[in-house]
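Below: the structure, in structure tokens.
Just follow the structure's listing: the first ligand is 1, and inside any ligand the first atom is 1. Just so you know, residue 1 is the first one in the sequence shown, and it goes up from there.
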Amino acid sequence: MKELESKKPTIEEFTVFCKKKGFVFQAAQIYGGLAGFFDFGPLGVEIKNNLKAEFWKKFVLKREDIFGQDGSIITNQSVWKASGHVDTFADLVLTTKETKTKLRADHFIEDTLNIPVDGMNAEEINSLIKKHNLKWKGEEFEEVKNFNLMFVTQVGADANKNSIAYLRPETAQSIFPNFKQIAEVSRAKLPFGIVQIGKAFRNEISPRDFVFRSREFEQMEMEYFFNPNSKCELLTEKQKKTKIMFLSAENQDKDSSEMIETTIEKLLKDKKLNEYHAFWLAEFFNWFTEDIGFKYENLRIREHIKTELSHYSKGTFDIDYKYPFGYKEMLGMANRGNYDLNQHQEHSKQKLEFFDEANKEKLLPHVIEPSLGVERFFMAILNETYINDEKRGNIVLNLPPKIAPYKVGVFPLVNKEELTKVAREIYEDLIEEDISAFYDRSGSVGRRYARADEIGTPYCITVDFECIEEGKDNGTVTIRDRNTTEQKRLKVESLSGVIISLIKGNLKFEDL
Ligand code: GAP
């Protein structure tokens with residue numbers, strides 16, 4: 001297949017494209033928007049739903065050891081005290097002395113001095129500010145302060161200390177308190193997982209890079225519970241041999257961002273992670289490259305340095321994507337040990353221990369937590385597939401058919417009733433078969449192809465006069481492939497079957 005010539009967008013081009021096509025735009029734009037909040041338009045929501053559906057299919061529906069849930073966003077405030085978020089879920093904020101402008105300290109230092117500051121404490125930040133005499137637009141800073149990122153609200157009409165509630169900053173804490181109940185109703189045996197997709201909220205000090213760092217976003221999280229004394233039977237040889245580009249904690253400690261190519265097996269040998277962690281890292285990495293279609297060279301795995309680890313983590317590895325602004329975290333994967341179950345057991349005074357039948361042992365299971373942001377996944381897949389095709393003179397979104405908002409565009413060659421009638425019938429037959437399609441009869445057919453390419457439609461069907469002469473039942477139409485622009489003739493009666501096979505990947509266009 002002819003490779004599409006690829007020219008990647010800058011973040012500005014990317015943002016303009018998303019707005020122009022109505023994928024994503026500022027929330028409440030008519031009022032000037034609100035920083036860090038976005039709305040997904042008609043096509044954006046389809047792509048987002050498709051990404052979530054692929055995740056759910058892969059990690060819930062196709063696995064016997066994983067169960068889904070949908071927890072409430074607001075819950076008993078004790079959950080957030082127990083989890084440690086009330087005390088420690090904070091970023092360092094710099095405030096200017098006169099205008100009281102607030103800046104996220106680590107971002108400001110990183111941008112100004114061009115050094116990594118992950119995990120620096122307030123004292124270290126203050127001393128860097130003094131040493132380099134750093135100012136913001138001529139203004140000096142007050143001492144750096146902690147700023148808790150949780151949005152606070154009130155439940156019920158009476159404001160008192162018991163009515164305080166928080167919008168959840170991670171979906172994970174809707175899972176841990178339910179762990180025992182879900183295990184019991186699902187008759188789960190260790191190891192097993194609970195997955196949830198849902199909204200999370202963080203009052204980010206400086207939201208930036210479009211939807212990459214927003215104040216309201218969605219997470220797809222899994223808590224995979226296991227006995228740390230058991231062997232991980234899931235880990236395969238293929239997974240161990242998975243090659244990855246890796247940025248180690250040691251290199252970051254030396255202020256280096258040099259990556260090496262290594263394998264999951266080598267990380268295990270170096271005792272950087274346990275087998276369950278290795279399994280999930282390989283499973284997600286391979287899902288991204290093999291099923292979703294990210295290029296190997298656009299992904300890397302970054303080990304967190306000790307000082308940047310979250311309060312609950314014994315070790316974290318991010319899968320970073322190469323965004324227009326460089327490699328940044330798309331998915332985080334922490335080994336939370338039994339920190340959360342322990343905390344919830346202590347605070348709730350409820351026994352959360354679980355009997356591991358295989359090892360005849362009662363324990364508080366440990367957990368590996370893959371956590372993927374839907375907006376960051378969305379940005380990565382659009383960036384990966386965005387091609388400014390200069391020869392064609394338009395943008396082509398080379399989206400995998402299963403992720404594309406529409407699978408097919410149906411066009412009459414020209415806007416004449418004999419053609420529009422048949423094209424419309426074909427369109428209606430396709431949507432009746434649950435194939436997401438659109439009908440377009442306005443403008444030249446070339447312009448309609450270009451519009452379809454720009455929103456990532458993998459196939460277009462055009463009804464011409466030949467089809468009318470043949471009669472609809474025996475008739476043939478052209479089907480055009482987005483990536484090659486190649487066209488073939490297909491019988492109308494075979495359309496839905498062929499398109500379903502093409503979308504599922506059971507059939508290749510060149511084999512038609
Ligand atoms: N439960 C673990 C947890 O929440 P995290 O690394 O803070 O870990 C997990 O977040 C994922 O959520 C990130 O990898 C990212 O994809 C997404 N995420 C976090 N903060 C975000 C933000 N402000 N805007 C968009 N996505 C965000």
Which part of [X] is near ligand 1, with near meaning a heavy atom under 4.0 Å away: side chain, backbone, both or neither?
{"X": "Tyr321", "answer": "neither"}
{"X": "Arg376", "answer": "side chain"}
{"X": "Met330", "answer": "backbone"}
{"X": "Gln173", "answer": "neither"}
{"X": "Asp318", "answer": "neither"}
{"X": "Phe377", "answer": "neither"}

At their closest point, which heavy atom of Thr316 faces which heavy atom of Asp318, and how far apart are they? CG2-OD1, 3.8 Å
Could you tell me the residue and atom name of the protein heavy atom closest to [atom], and the distance to it rounded to 0.1 Å?
{"atom": "atom 13 (C) of ligand 1", "result": "Glu329 OE2, 3.2 Å"}
{"atom": "atom 5 (P) of ligand 1", "result": "Arg202 NH2, 3.8 Å"}
{"atom": "atom 24 (N) of ligand 1", "result": "Ser214 N, 3.0 Å"}
{"atom": "atom 25 (C) of ligand 1", "result": "Phe212 O, 3.1 Å"}
{"atom": "atom 8 (O) of ligand 1", "result": "Tyr312 OH, 3.8 Å"}
{"atom": "atom 18 (N) of ligand 1", "result": "Phe217 CE1, 3.5 Å"}
{"atom": "atom 3 (C) of ligand 1", "result": "Glu221 OE2, 3.7 Å"}
{"atom": "atom 2 (C) of ligand 1", "result": "Glu369 OE1, 3.0 Å"}

Salt-bridge test for Arg104 and Glu204: reply yes if a basic N is under 4.0 Å from a carboxylate O, no otherwise. yes
Can you name the one residue among [options] that meets side chain to side chain contact (heavy atoms under 4.5 Å, CB included) with [X]?
{"X": "Gln77", "options": "Val86, Ile164, Val152", "result": "Ile164"}
{"X": "Phe59", "options": "Glu54, Glu283, Met220", "result": "Glu283"}
{"X": "Trp280", "options": "Phe285, Phe317, Tyr224", "result": "Tyr224"}

Which atoms from ligand 1 have a heavy atom of Glu170 less than 4.0 Å away? 1 (N), 2 (C), 3 (C), 4 (O)
At a 4.0 Å threshold, what atoms of ligand 1 neighbour a non-hydrogen atom of Arg336? 1 (N), 2 (C)
Criterion salt bridge (Lys or Arg N to Asp or Glu O under 4.0 Å) on Glu218 and Lys48, from CA distance to verdict: CA-CA 10 Å; Glu218 271 185 285; Lys48 222 175 164 201; 2.9 Å; yes
Short side-chain donor-acceptor distance under 3.5 Å, Gln196 and Gln69: yes
Classify the side-chain pair Asn229/Glu361 by whether it contains a donor and acceptor separated by less than 3.5 Å. yes
Verify salt bridge (Lys or Arg N to Asp or Glu O under 4.0 Å) between Asp270 and Lys272, making sure each step is shown before the conclusion. CA-CA 5 Å; Asp270 291 347; Lys272 283 188 173 287; over 6 Å; no
Centre-to-centre under 6.0 Å for Phe212 and Phe325, is that the case here? yes
With ring centroids as reference points, do Phe23 and Phe17 lie under 6.0 angstrom apart? yes
Closest to atom 17 (C) of ligand 1 by heavy-atom distance, out of Gly373, Ala172, Ala380, Gly332, is Gly373
On a heavy-atom basis, I'd like to know which of Arg168, Arg208, Gln219 is closest to atom 10 (O) of ligand 1. Gln219
Begin from the C-alpha positions of Lys349 and Glu346 and carry the test salt bridge (Lys or Arg N to Asp or Glu O under 4.0 Å) through to its verdict. CA-CA 5 Å; Lys349 314 258 179 295; Glu346 206 177 301; over 6 Å; no
Glu223 near ligand 1, heavy-atom distance under 4.0 Å? no
